[in-house]
2 protein chains.
Amino acid sequence: MKPTLQAVADAVGVSRSTVSNAYSRPDQLSAALRERILGAARQLGYPGPNPTARSLRRGFVGSIGVLFTSQLSYAFTDPFAVRFLAGVGEAAERHGTSMLLVPLSRAEPDARRAVENAAVDGFCVYCVADEEWALDVIRARGLPFVSTAARDDAGPDEPFVGIDERAAARSVATHVAGLGHRRVALLADSVLTDAPAGPLTLSGVDRVPHPTTHGRLAGFADAFAEVGVGWAELTLLNAQGNSRQAGAAAVAGLFDGPTPPTAVLAGSDVLALGVLDALAERPAGDRPPVSVTGFDDIPEAAAAGLTTVRQPAEEKGRIAAKLLLDPPADAAAGHVLLPTALVVRDSTGPVPRS
Amino acid sequence: MKPTLQAVADAVGVSRSTVSNAYSRPDQLSAALRERILGAARQLGYPGPNPTARSLRRGFVGSIGVLFTSQLSYAFTDPFAVRFLAGVGEAAERHGTSMLLVPLSRAEPDARRAVENAAVDGFCVYCVADEEWALDVIRARGLPFVSTAARDDAGPDEPFVGIDERAAARSVATHVAGLGHRRVALLADSVLTDAPAGPLTLSGVDRVPHPTTHGRLAGFADAFAEVGVGWAELTLLNAQGNSRQAGAAAVAGLFDGPTPPTAVLAGSDVLALGVLDALAERPAGDRPPVSVTGFDDIPEAAAAGLTTVRQPAEEKGRIAAKLLLDPPADAAAGHVLLPTALVVRDSTGPVPRS
DNA sequence: GATCCAGTCTGTATCGATACAGAGACTAGC
DNA sequence: GCTAGTCTCTGTATCGATACAGACTGGATC
C-alpha cells in the first residue's frame with residue numbers, strides 16, 4: 001500500500017536508519033546520498049515519515065491541546081474565547097506547533113476519553129470549572145498544562161495566566177456603587193451547576209463552585225459590602241449558559257416587581273448584552289433606566305456602549321501558549337497576572353431619583 | 001517513569017493483551033477481572049493507553065485537520081472563518097473527534113512540514129489558493145480530504161462543499177447594475193500573489209489564480225458585461241489580506257479622481273466594511289454616495305446595513321466535516337453545492353443623477 | 001464418554017519510525 | 001607506517017500499544 005521508510009531504503013539499497021536520517025538529520029549523511037534518497041522517495045510516492053510512528057518513537061507530538069469546559073462549538077460563539085484562541089494560535093504558529101481543540105462534551109465518560117486520547121504535548125486549560133477530573137487526567141498522563149482560571153487548590157508553582165478576578169470585579173462594582181445604586185442584581189453563568197435560569201438564593205458567595213464565577217461575584221459583593229449593602233440584600237441571578245439569549249432569559253420579569261433593581265452587574269459581556277437586549281425589547285414607555293455592566297470588553301461591548309472591565313484576551317492566549325511551549329526556568333515566572341481596566345461607557349449612570 | 005500497559009499487566013499478573021482488552025474491548029474478559037485491572041491501573045497511576053501508540057497500531061488517530069491558507073491567527077479574525085470552524089467543530093464533536101488547526105505559515109518548507117506531520121485522519125481544506133502542493137502532500141499521505149474552494153482540476157468525485165461562486169457574485173452585481181451603476185470598482189483579496197494594494201490592471205479575469213477570487217470577480221464581470229460594461233472598463237482593486245484595514249487601504253484615493261466609481265463590489269464582507277470605514281472617515285461634506293456590496297453575510301454586515309450575498313457558514317463547516325467523517329457511499333453525494341441569497345440592505349442605492 | 005461451543009485469557013507478530021553504539025573507509029599528522 | 005580523528009553508514013533495540021490465532025476451562029448436548 002502506502003510505501004514505508006523501509007520501502008525507500010530497499011529501493012535505494014541503504015539501511016532504514018539512513019533514510020530516516022535523510023529526513024530528520026541531514027548532517028548525518030552525504031548530500032549526494034540524501035538527494036538520491038529523497039529522489040527515490042518522491043518517485044515511490046513516499047510522503048515522509050509517518051507522524052504517528054515518529055511521535056511514538058520521539059516521545060512528543062508537536063501540538064498542544066486547548067481544553068474547553070463547554071462544547072467545542074461554544075468556543076467559537078463567545079468572542080472572548082475566540083480572541084483567546086487567536087492568541088494561543090499565534091504563539092503556537094510561531095513555534096511551529098499545531099493546536100488541537102478538545103471538546104469536553106456533557107457526558108463525562110466521553111469527555112474523559114477525549115482528554116485521555118488527545119495526542120498532544122500539553123494543554124491550555126481554558127476555564128475549567130469544577131472539572132477537576134480533567135486536570136487529574138492530564139497530571140496522570142504526565143503532561144504539562146497551563147490554566148487560565150484560578151483554582152483554589154492551585155499551587156503557586158502551577159503555571160497560570162489570568163487576572164485578579166475579584167479585584168477586577170470589585171472595580172466595576174465600586175463604580176456602580178459610587179453612582180448611588182443600592183438595589184442591585186448580580187448575574188452570572190452557572191452560579192450553581194444545573195440551577196434554573198433566574199433568581200437564586202445562596203447563603204453566601206462561597207457556595208459558588210466555579211472559581212472564576214466565584215471570584216467575580218465575590219468582587220461585586222465586596223464593593224457593595226463597603227457601602228453597607230450585604231450579600232443577602234443583593235439579588236443573585238443565574239444564567240443557563242454564556243450567551244445573549246441566556247442573559248436575556250435570566251432577567252425575565254426582573255423589572256416588573258414593586259422595587260426592581262436599578263443596576264445589573266453581569267459576569268460577562270455577552271450576558272450583559274443579553275440584558276440590554278431584554279431591556280430594548282420592552283415598549284419604549286416601559287423601559288426602566290437600569291445601569292448594566294459587563295466583563296471582558298469584547299468588541300461588541302464598545303459598539304453597545306457597555307461599561308465593563310477590560311482584560312487582554314489575545315495576550316492571555318499568547319502567554320498561556322508560550323508558558324506551555326517554552327516553560328520558564330523560574331517557576332515563579334510561570335504565574336502571570338495580567339492587568340485589567342475599568343472601561344466606563346454609557347450603560348451606567350446615576351441612580352434615578354424617583 | 002510513567003507506568004505502561006505492561007506494568008499494569010505485571011501488577012495484576014495477566015498478559016498485556018488482557019489489559020489492553022480491559023480498556024478497548026470490555027466484552028473480551030470477565031467483569032471481575034476487568035475491575036481488578038482498572039483498579040490496579042488507578043493505583044499505579046496508569047492514565048490509560050498511550051494515544052500515540054494506540055494510533056500507530058490501530059491505524060487512525062481520531063482527529064481531523066483544518067487547513068487554512070493564511071496564518072492560524074487569521075482564522076480567528078475573519079468572522080466567516082470562525083463560523084465555518086464552529087460548524088466543523090460541531091460535527092466533529094458529535095462524532096467524538098477532535099479538530100487540529102494546522103497553521104500554514106508563509107514559509108513553504110515549514111508549512112509543508114506542518115501538513116506532512118499533522119497527526120490526523122483527514123483534512124478539511126478551507127480556502128486553499130494556489131497552494132496545490134498542500135493537496136499533493138495530503139494525497140501522498142493517502143488521507144481523505146474535503147475542499148471548500150472550487151478548483152479547476154477538481155474531479156467531480158472529489159469531495160467538495162461550497163457554493164456557485166460565480167453565480168452568487170453575479171446576483172449581487174446584477175442588483176448593482178440594475179441600480180444604474182456603470183462606473184464600478186471590484187475589490188478582492190490577493191487578486192494576484194504579492195500584488196500591491198490598490199488599482200491593478202489585468203488583461204482578463206482568467207489571470208486571477210485564486211479560484212474563489214476568480215469565481216467571484218468573474219461573476220461580477222458577467223453581470224456588467226450584460227449591460228455593456230466590459231472588463232477593461234471596470235476598475236480592479238487589490239487588497240493585501242482579508243481585513244477591514246486592507247479594504248480601507250485598497251480604496252485610498254479612489255474617490256478623489258475626476259470620475260470616481262459610484263459603486264464598489266467587494267469579494268468579502270470584511271473588505272466591504274473596510275470600504276465603509278474609509279468612507280466614514282472622510283469629512284461629512286466630502287463623502288461621495290458610493291454603493292458598496294460585500295460577500296458572505298457575516299453578523300457585522302447586518303449591523304452595518306451592508307448589501308451582500310449570504311452563504312451558510314456553519315453549515316458549510318458542518319457538512320465538510322460530515323463528508324470527511326462518514327463519507328457517502330455514492331461519490332456524487334460528496335459534491336455539495338449550498339444555496340446562496342442576495343441580501344439587499346442600505347449600502348446600495350440608485351446611482352446619483354449629478 | 002466423546003463432541004462442541006461459548007467464554008476467557010495468552011503469545012507472537014506487527015504498526016512505522018528513531019536512538020545510539022559501533023563498524024569501515026579515508027584523511028591528517030608525526 | 002602507525003595512531004587519531006572524521007565522515008558515513010549499518011544494526012539492533014525500542015517506543016507502547018493492538019490484532020489475531022490459538023489454548024484452556026467448564027458445561028451443555030446427544
Side-chain angles (χ1 to χ4, degrees), chain A residues 1-38 40-41 44-62 113 116-121 140-143, chain B residues 1-38 40-41 44-62 113 116-121 140-143:
Chain A
M1 274 296 311
K2 269 182 291 179
T4 67
L5 188 144
Q6 175 76 75
V8 177
D10 292 347
V12 182
V14 295
S15 78
R16 225 166 39 236
S17 308
T18 301
V19 178
S20 173
N21 284 335
Y23 283 96
S24 309
R25 307 164 65 171
D27 57 314
Q28 294 296 302
L29 72 174
S30 64
L33 178 56
R34 175 153 193 266
E35 269 319 306
R36 212 146 59 82
I37 291 176
L38 296 183
L44 290 173
Y46 175 66
N50 176 308
T52 306
R54 161 187 291 222
S55 297
L56 175 59
R57 186 61 246 241
R58 302 229 269 204
F60 68 88
V61 180
R113 237 191 320 275
E116 286 168 346
N117 290 340
V120 297
D121 299 319
R141 285 187 59 182
L143 292 178
Chain B
M1 275 297 309
K2 270 182 290 178
T4 66
L5 189 143
Q6 175 76 73
V8 177
D10 292 346
V12 181
V14 296
S15 78
R16 225 165 44 231
S17 307
T18 302
V19 179
S20 173
N21 284 335
Y23 283 95
S24 309
R25 307 165 66 172
D27 58 315
Q28 294 295 302
L29 71 174
S30 66
L33 178 57
R34 175 154 193 268
E35 268 320 305
R36 214 147 57 82
I37 290 176
L38 296 184
L44 291 174
Y46 176 66
N50 176 308
T52 306
R54 162 187 291 224
S55 297
L56 175 58
R57 185 63 245 241
R58 300 229 270 204
F60 67 89
V61 179
R113 237 191 319 275
E116 286 169 346
N117 290 340
V120 297
D121 299 320
R141 286 187 58 182
L143 292 177

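Lettering follows sequence order; numbering is per chain, from 1.
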Exercise for the section: Taking B:K2 for its side chain and A:G142 for its backbone only, find out whether a donor-acceptor pair lies under 3.5 Å. Expected result: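 No: the side chain of B:K2 does not pair with the backbone of A:G142.
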Handout entry: Side-chain donor/acceptor of A:D121 to backbone N/O of A:G62, under 3.5 Å
Key = yes
Which pairs would a plain distance check flag for residues 9-16 of chain B, meaning a side-chain donor or acceptor within less than 3.5 Å of a matching protein atom at least two apart in sequence or in another chain?
unit_1	atom_1	unit_2	atom_2	d
B:D10	OD1	B:Q6	NE2	3.0
B:S15	OG	B:S17	N	3.4
B:S15	OG	B:T18	N	3.4
B:S15	OG	B:T18	OG1	3.2
B:R16	NH1	B:Q6	OE1	3.0

Problem - Residues forming a side-chain contact (heavy atoms from CB on, under 4.5 Å) with A:A22, sequence neighbours excluded - result: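 Testing A:A22 for side-chain contact (heavy atoms from CB on, under 4.5 Å), a comparison that skips the adjacent residues, returns A:L29, A:R34, A:I37.
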Problem - Side-chain N or O of A:S24 closer than 4.0 Å to phosphate OP1/OP2 of C:dT18 - result: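 So the side-chain polar atoms of A:S24 do come within 4.0 Å of the phosphate oxygens OP1 or OP2 of C:dT18, strictly under.
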Handout entry: Terminal helix-axis angle for the helix from C:dG1-D:dC30 to C:dC30-D:dG1, with five pairs defining each axis and rounding to 10 degrees
Key = 40°
[N] [atom2] sits how many Å from [X] [atom1], rounded?
X	N	atom1	atom2	result
A:F60	D:dC15	CZ	P	17 Å
A:N50	C:dC15	CG	P	12 Å
B:R58	C:dT14	CZ	C1'	15 Å
A:R54	D:dT14	CZ	C1'	17 Å
A:L5	C:dT18	CG	P	6 Å
B:R25	C:dT10	CZ	C1'	14 Å

Set of residues satisfying side-chain hydrogen bond (donor to acceptor under 3.5 Å, both in side chains) with respect to [X], sequence neighbours excluded:
X	result
B:R36	none
B:T4	none
B:S20	none
B:Q28	none

Exercise for the section: With sequence neighbours excluded, give me every side-chain hydrogen bond (donor to acceptor under 3.5 Å, both in side chains) pair touching residues 45-62 of chain A. Expected result: A:S24-A:R54
Fill in the blank from the handout: Checking D:dT18, D:dG16, C:dA17 against the side chain of B:P49 (C-beta onward), the nearest is D:dT18
Practice task
Could you encode protein contacts along nucleotides 8-13 of chain D as a string, one character per nucleotide from 5' to 3', using B for base contact, S for sugar-phosphate-only contact and - for no contact, with a heavy-atom cut-off of under 4.0 Å?
Solution key: SBBBBB
Practice task
Return the minimal non-hydrogen interatomic distance between A:P47 and A:P3, and the atom names on each side.
Solution key: CD-O, 4.5 Å
Exercise for the section: Please name the pair of heavy atoms, one in A:L56 and one in B:A53, separated by the smallest distance, quoted to 0.1 Å. Expected result: CD1-CB, 3.8 Å
Please tabulate the protein-to-nucleotide N/O contacts below 3.5 Å involving nucleotides 22-27 of chain C, giving atom names and distances.
none

Practice task
Please work out if A:Y46 contacts a base, only the sugar-phosphate, or nothing of the nucleic acid, heavy-atom cut-off 4.0 Å.
Solution key: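 Sugar-phosphate: the residue A:Y46, judged by heavy atoms under 4.0 Å, touches backbone atoms but no base.
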